[in-house]
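Written out below as structure tokens is the structure these notes cover.
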Amino acid sequence: MSAGSISRCLIIALAFAALPAGMADAQWLLLGRKVIGRIDSMVGTPDPAQPQAPRYDIAVVTLDAPAQRVYDTVIATVAEHSDYRYLQRNDAARSVEVSNGKKSAGVHVISLGDKLTQLIIASVIQPGETSPVPFALQNVLRICAKVKVTCTVNTEP
């Protein structure tokens, strides 16, 4: 086998090796674009063995916006409501815990890239309490509107 044949075989082998990686990146990019703006909400189900145990409610959305801008919007949203108060605030970690006197929720803003951010709102549902899902979703939608990102609530199970 000549040096030219070996070179051609190596180039073809490298091209085939790189092809799946490039396709995988494209699939992740496509998947990433599909989840931007889609609000997923999860509520823990009560454990029949422990009926007095709290449940958890979580709303998650990925936004096509810088994390600091999203966090600043969260802080501005809290400031607009005189009935909201901070239970905890950590600007360095971009997380706050807020209460309206009846319900409380933790908000965490995570940078996934220069212009890609994950917003997580979580709260605890004590036995006998109603779910704060509408409260969390209302605030997520308000934040989406303020950072000018179209968000929709995912209704798939």
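This one's a predicted model, so the numbers in the text were calculated from it and none came from an experiment. Along the sequence shown, the residues carry numbers beginning at 1.
- To the nearest 0.5 Å, atoms OG1 (Thr62) and CD (Gln118) are separated by 4.5 Å.
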Given Ser95 and Gln88, is the side chain to side chain contact (heavy atoms under 4.5 Å, CB included) satisfied, shown in steps? CA-CA 8 Å; Ser95 69; Gln88 177 270 334; 3.9 Å; yes
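- Between the CZ atom in Arg85 and the OG atom in Ser104 there is a gap of 8.5 Å [rounded to 0.5 Å].
- Nearest heavy-atom pair across Val149 and Ala65 is CG2-CB, 4.5 Å.
- The side chain to side chain contact (heavy atoms under 4.5 Å, CB included) check on Ser111 picks up Ala67, Arg94, with sequence neighbours excluded.
- Summarising the geometry of Ile121 relative to Ala105, their closest heavy-atom pair is CG2-CB, 3.9 Å, with the distance given to 0.1 Å.
- Shown are Val107, Val60, Val61; of these, the side-chain contact (heavy atoms from CB on, under 4.5 Å) with Val140 is made only by Val61.
- The side chain to side chain contact (heavy atoms under 4.5 Å, CB included) check on Ala122 picks up Ile58, with sequence neighbours excluded.
- When the side chains of ILVMFWY residues are joined at heavy-atom separations under 4.5 Å, either directly or via intervening members, Leu87 and Val98 end up in two distinct hydrophobic clusters.
- Criterion: ILVMFWY side-chain heavy atoms under 4.5 Å apart, direct or through other members. Under it, Leu119 and Tyr86 are part of a common hydrophobic cluster.
- With sequence neighbours left out, the side chain to side chain contact (heavy atoms under 4.5 Å, CB included) criterion links Pro54 to Val124, Gln126.
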Using the side chain to side chain contact (heavy atoms under 4.5 Å, CB included) rule, take Thr117 and Val109 through it: C-alpha gap first, then chi angles, then the decisive distance, then the call. CA-CA 7 Å; Thr117 301; Val109 177; 3.4 Å; yes
Leu63 and Cys144: side chain to side chain contact (heavy atoms under 4.5 Å, CB included), yes or no, with the steps? CA-CA 8 Å; Leu63 302 171; Cys144 289; 3.7 Å; yes
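- What you find for Gly101 and Ser99 is that their closest heavy atoms are N-OG, 3.0 Å.
- Partners of Glu80 by side chain to side chain donor-acceptor pair (under 3.5 Å), not counting sequence neighbours, listed by chain and number: Lys146.
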Side-chain donor/acceptor pairs under 3.5 Å, residues 69-78, sequence neighbours excluded:
| residue | atom | partner | partner atom | Å |
| --- | --- | --- | --- | --- |
| Arg69 | NH2 | Val147 | O | 2.4 |
| Tyr71 | OH | Asp91 | OD1 | 2.5 |
| Asp72 | OD1 | Gln68 | NE2 | 2.8 |
| Thr73 | OG1 | Arg69 | O | 2.8 |
| Thr77 | OG1 | Thr73 | O | 2.7 |

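- Listed by chain and number, the residues in a side chain to side chain contact (heavy atoms under 4.5 Å, CB included) with Asp114 amount to none (sequence neighbours excluded).
- Residue Ala93 comes nearest to His108 through the heavy atom pair O-CE1, 3.3 Å, listed as atom of the first residue, atom of the second, then distance.
- Under the salt bridge (charged side-chain N to carboxylate O under 4.0 Å, His left out) criterion, no residue pair touches residues 115-126, with sequence neighbours excluded.
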